[in-house]
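Step one of this worksheet: look at the structure below.
Below, chain A is the first sequence line, B the second, and so on; all start at residue 1.
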Amino acid sequence: MKLPDSYYQSNDVVALARDLIGKYLFTNLDGQLTGGYIVETEAYAGIIDKASHAYGDRRTPRTQTMYMQGGVAYVYLCYGIHEMLNIVTSVEDQPHAVLIRAVDPTIGLDVMRYRRNMAVIKPTITSGPGSVAKALGISRKINAISLQSDVLWLEDRGLSFADEEVATVPRVGVDYAKEDALLPYRFYVKGNKYVSKPNR
DNA sequence: GATCGGATTGACT
DNA sequence: GTCAATCCGATCA
């Protein structure tokens with residue numbers, strides 16, 4: 001059921017970001033199962049990508065997770081407020097990762113609603129990287145955890161989207177990366193209500 | 001030891 | 001549409 005470690009070893013992080021659209025993401029924390037299928041991703045392509053934390057081969061305590069062999073989670077804190085989930089890919093010492101920006105929730109809706117402090121379920125529950133992590137209970141405590149674990153993992157349940165159903169556009173919030181900010185490394189399911197803001 | 005600012009969100013005008 | 005929140009990683013001294 002779980003995507004095998006070999007799936008994450010690809011050295012083409014952009015192709016993998018595209019392939020992750022439609023894959024299911026689950027967490028099992030405190031006995032609570034939550035998950036859904038991925039509808040929005042962004043690729044961060046190693047040491048030559050100015051938008052990546054690992055640009056210029058920056059090995060630091062934070063980025064060392066990205067240098068691990070593909071198949072682990074990279075979780076970090078952004079703006080002092082939001083935790084973000086990335087899927088580390090490629091081989092050891094190649095710091096490639098895919099940011100999970102949105103999920104279409106299918107399991108554990110009430111648990112997610114509680115974690116998000118929402119009275120009723122709205123599309124914003126898992127829309128945007130900070131929201132996905134919060135709804136699924138993901139924090140830095142599980143940084144570097146294996147995706148073969150029983151805490152956090154991905155599955156292929158046979159769902160897939162044709163190329164014409166998936167938009168390929170520049171990434172969000174990376175203006176500081178100058179020309180690399182224009183790279184078409186963001187993928188999302190057209191028209192899906194859980195996709196974060198610019199979705200047309 | 002000090003300073004800068006971010007792979008964002010949500011509340012408010 | 002604007003803007004505050006809020007922490008710590010990265011960088012420089």
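The CG-C1' distance, from A:Asp175 to B:dG5, rounds to 14 Å in whole Å. Atom-to-atom, CG of A:Asn117 to C1' of C:dA5 comes out at 16 Å; the value is rounded to the nearest Å. As rounded to whole Å, 14 Å separates atom C1' of B:dT8 from atom CG of A:Asn86. Note: CD (A:Glu83) to C1' (C:dC8) measures 12 Å, nearest angstrom. Put simply, NZ on A:Lys122 is 8 Å from P on B:dG10, counting in whole angstrom units. Here B:dT8 presents its P atom at 13 Å from CG of A:Leu77, a figure rounded to the nearest Å. Across the protein-nucleic acid pair, A:His53 atom NE2 and C:dC8 atom P stand 15 Å apart, rounded to whole Å. One can place CE of A:Met84 at 5 Å from P of B:dT8, the figure rounded to the nearest angstrom.
Put simply, the side chain of A:Asp104 does not reach to within 4.5 Å of the side chain of A:Thr126, judged on heavy atoms.
Of the side-chain N and O atoms in A:Arg62, one or more sit less than 4.0 angstrom from OP1 or OP2 of C:dA10. In terms of phosphate contacts, A:Arg116 brings no side-chain nitrogen or oxygen within less than 4.0 Å of OP1 or OP2 of B:dT9. The side chain of A:Arg58 contributes an N or O atom lying less than 4.0 Å from OP1 or OP2 of C:dT11. For A:Arg140 and C:dC7, the shortest distance from a side-chain N or O to OP1 or OP2 is not below 4.0 Å.
Nearest-nucleotide assignment on DNA chain C puts the 5′-proximal partner with A:His82, out of A:Thr63 and A:His82.
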Begin from the C-alpha positions of A:Met1 and A:Arg157 and carry the test side-chain contact (heavy atoms from CB on, under 4.5 Å) through to its verdict. CA-CA 8 Å; A:Met1 278 288 256; A:Arg157 295 201 159 185; 3.9 Å; yes
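Considering only the side chain of A:Ile81, C:dT6 comes nearest among B:dA7, C:dT6, C:dA10. With B:dT9, C:dG9, B:dA7 as the candidates, the nucleotide lying closest to the side chain of A:Thr60 is C:dG9.
Follow the hydrophobic side-chain contacts under 4.5 Å out from A:Val132 and you never reach A:Tyr114; the two are in separate clusters.
Across the P atoms, B:dA2 and C:dT6 are found 23 Å apart, a figure rounded to whole Å. If you take atom P in C:dG1 and the same atom in B:dA7, they sit 22 Å apart, rounded to whole Å.
Residues A:Asp30 and A:Arg115 are not paired through a salt bridge, judged by the lack of any N-O separation under 4.0 Å between the basic side chain and the carboxylate.
Around atom CG of A:Leu182, more than 12 heavy atoms belonging to other residues, nucleotides or ligands sit under 6.0 Å away.
Stacking between A:Tyr176 and the base of B:dG6 is absent under the criterion of ring centres within 5.5 Å and planes under 30 degrees.
Nucleic acid contact class of A:Thr41 (heavy atoms, under 4.0 Å, all strands): none. The residue A:Arg171 sits apart from the nucleic acid: no heavy atom pair falls under 4.0 Å.
The one candidate from A:Phe187, A:Tyr7, A:Tyr37 that meets the side-chain contact (heavy atoms from CB on, under 4.5 Å) condition with A:Leu20 is A:Tyr7.
Across all strands shown, C:dT6 forms no Watson-Crick or G-U wobble pair with both key distances under 3.5 Å.
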